[in-house]
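Written out below as structure tokens is the structure these notes cover.
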Amino acid sequence: MDKVISARVDESVVERITGLARQLRTSKKSVIEQAITAFAARMEAEGHGDIFKLTSGAWRRSESPARTVHKTRAAFRKWSRRESAHL
């Protein structure tokens, strides 16, 4: 399934994509998809690997979600008391 993305790019990049699409007699979508595929393949060949594999597990924390919530709420209450004292 295709998804719509939005990105601000330099006008020269848009012109280059359009020119390549005309030259290759294909769509701009195809030019972008092929460029990204080629770039990703080059990155993997150079040893940069799959970004998902490199970051997989980065969200794992040593503390439980309940502990994180408790610490966050305690910090907010402490900040709130300090702010109230200044009013």
Between atom CD1 of Ile5 and atom NZ of Lys29, what is the distance when rounded to the nearest 0.5 Å? 11.0 Å

Say you draw a straight line from CZ of Phe39 to CD of Glu44; how long is it, rounded to the nearest 0.5 Å? 11.0 Å

How would you list all residue pairs meeting side-chain hydrogen bond (donor to acceptor under 3.5 Å, both in side chains) that involve residues 69-80, not counting sequence neighbours?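 Passing the test, one end in residues 69-80: Glu63-Lys71.
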
Does Ile36 share a hydrophobic cluster with Val31, counting links as ILVMFWY side-chain heavy atoms below 4.5 Å and allowing steps through other members? yes

Please confirm whether the backbone N or O of Ser64 pairs with a side-chain atom of Thr68, one donor and one acceptor, at under 3.5 Å?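 Checking the backbone N and O of Ser64 against the side chain of Thr68, a donor-acceptor pair under 3.5 Å is found.
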
What pairs of donor and acceptor atoms, side-chain ones from residues 9-17 against any protein atom, are under 3.5 angstrom apart with sequence neighbours left out?
{"from": "Asp10", "atom 1": "OD2", "to": "Ser12", "atom 2": "N", "distance (Å)": "3.0"}
{"from": "Asp10", "atom 1": "OD2", "to": "Ser12", "atom 2": "OG", "distance (Å)": "2.5"}

